[in-house]
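What follows is one structure encoded as structure tokens, with my remarks underneath.
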Number of protein chains: 2
Amino acid sequence: MSTYCKFETALDILVGKWKPVILLRLLANGTMRFSELQKSIPDITKKMLTQQLRELEYHDIVHREVYPQVPPKVEYSITEYGKGMTPILQAMSDWGAAHVAHLDELYGKNSSEGAFLVPVDEQAEFD
Amino acid sequence: MSTYCKFETALDILVGKWKPVILLRLLANGTMRFSELQKSIPDITKKMLTQQLRELEYHDIVHREVYPQVPPKVEYSITEYGKGMTPILQAMSDWGAAHVAHLDELYGKNSSEGAFLVPVDEQAEFD
DNA sequence: CGGTATCCCCGAAGATACTG
DNA sequence: CAGTATCTTCGGGGATACCG
């Protein structure tokens, strides 16, 4: 379990191809159904969405509310504890943005060629 | 290049199995030779060490100083720009530590069974 | 609708050997 | 000493099918 560095613990929560996106969606939209999440993240598979959500749930970052009815309905949201992450998330986001600028400065903007194909549509925060 | 989330940029720099450890070593010790780094991180291979260092160098986080002599001598250190990361690193570390406590609270300390086999030896900061 | 269960692939990381 | 070069392994993640 290589526990000689507590800050890798923080990383573990953000790592996994989809966790950042999921977190961002939930923070922006508040409460979302499984299918809403899936629609809002075009390329994710059910398997991945489920898996990442379960990990976030284990860490008490995401809350999973099951409505026992047919057809099933499951809603996800950020826990109160999870909201405590926002400052760090925000800090990382800000630093990331600044860093992109720094890289541009160092290597020139041409390095970001065809990027921004994704239209920035509905990102409420942390872009 | 999936650039719809600038904070993944921040993650990229910390991700990679060894980047956190390397960063911590360099922050703690200031300037280190390649071999010093390798010795201080027992399980890393030359290949991995080189690769991760190069990526950090590209991002202007780590400085690489080559002394043209035989046998070669190469020293690595954190750049001034790189030092600007410390607040976030510190924040993540703190949050990580708190989170470990939170998990203990939720699931009990027994979940950390055999951990801490590594003797905590020389971690100057961010533990 | 909100998931599991399987199978499979590819790229990150390990092992080993060689070099200026 | 500080790396490359090459080969191999391993598991995260994708595709697809099925289920309560």
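Naming convention: chains lettered A, B, ... in sequence-line order (proteins, then strands); numbering from 1 in each chain. Quick caveat: nothing in here was measured; it's all calculated off a predicted structure.
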What is the distance from [atom1] of [X] to [atom2] of [N], rounded to the nearest Å?
X	N	atom1	atom2	result
A:Y76	C:dG2	OH	C1'	8 Å
B:I44	D:dG3	CD1	P	12 Å
A:M32	C:dG2	CE	P	11 Å
A:D43	D:dG12	CG	P	21 Å
A:K46	D:dA15	NZ	C1'	13 Å
A:I41	D:dG13	CD1	C1'	15 Å
B:L49	D:dG3	CG	P	8 Å
A:Q69	C:dC1	CD	C1'	10 Å

Which sits closer to the 5' end of DNA chain D, A:P72 or B:V74, going by the nucleotide each is nearest to?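 First, find each residue's nearest nucleotide; the 5'-ward one identifies B:V74.
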Hey, mind stepping through B:T45 and B:Q38 against side chain to side chain contact (heavy atoms under 4.5 Å, CB included) and telling me if it holds? CA-CA 8 Å; B:T45 62; B:Q38 200 180 359; 5.9 Å; no
Within the 3.5 Å criterion, strictly below it, is a donor on A:H63 or A:Y81 matched to an acceptor on the partner's side chain?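 No, no side-chain donor-acceptor pair sits under 3.5 Å.
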Nearest 0.5 Å, please: how far is [atom2] in [Y] from [atom1] in [X]?
X	Y	atom1	atom2	result
A:L11	B:L14	CG	CG	5.0 Å
B:M32	B:K39	CE	NZ	9.0 Å
A:R54	A:L49	CZ	CG	9.5 Å

Of the listed nucleotides (D:dA2, C:dC1, D:dT4), which one gets closest to any side-chain atom of B:T50?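 The closest nucleotide is D:dT4.
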Taking the side chain of A:F34 as heavy atoms from C-beta outward, which of D:dC1, C:dG3, D:dG3 is closest to it?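 For A:F34, the side-chain atoms sit closest to C:dG3.
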Can you tell me if [X] touches the phosphate of [N], counting only side-chain N or O atoms and a distance under 4.0 Å to OP1 or OP2?
X	N	answer
A:S35	C:dC1	no
B:R33	D:dA2	yes
A:R64	C:dG2	no

Look only at the side chain of B:T79 and the backbone of B:D60, and say whether a donor-acceptor pair between them is shorter than 3.5 Å.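 Yes, the answer is positive, given that a donor and an acceptor are paired below the 3.5 Å cut-off.
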Could you go through nucleotides 11-13 of chain C and list every protein N or O atom that sits under 3.5 Å from one of its N or O atoms, giving the distance for each pair?
residue: C:dA13; atom: OP1; partner: B:K17; partner atom: N; Å: 3.4

Mutual orientation of the aromatic rings belonging to A:Y76 and A:F34 [parallel < 30°, tilted 30-60°, perpendicular > 60°]: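 A:Y76 vs A:F34 ring planes: tilted.
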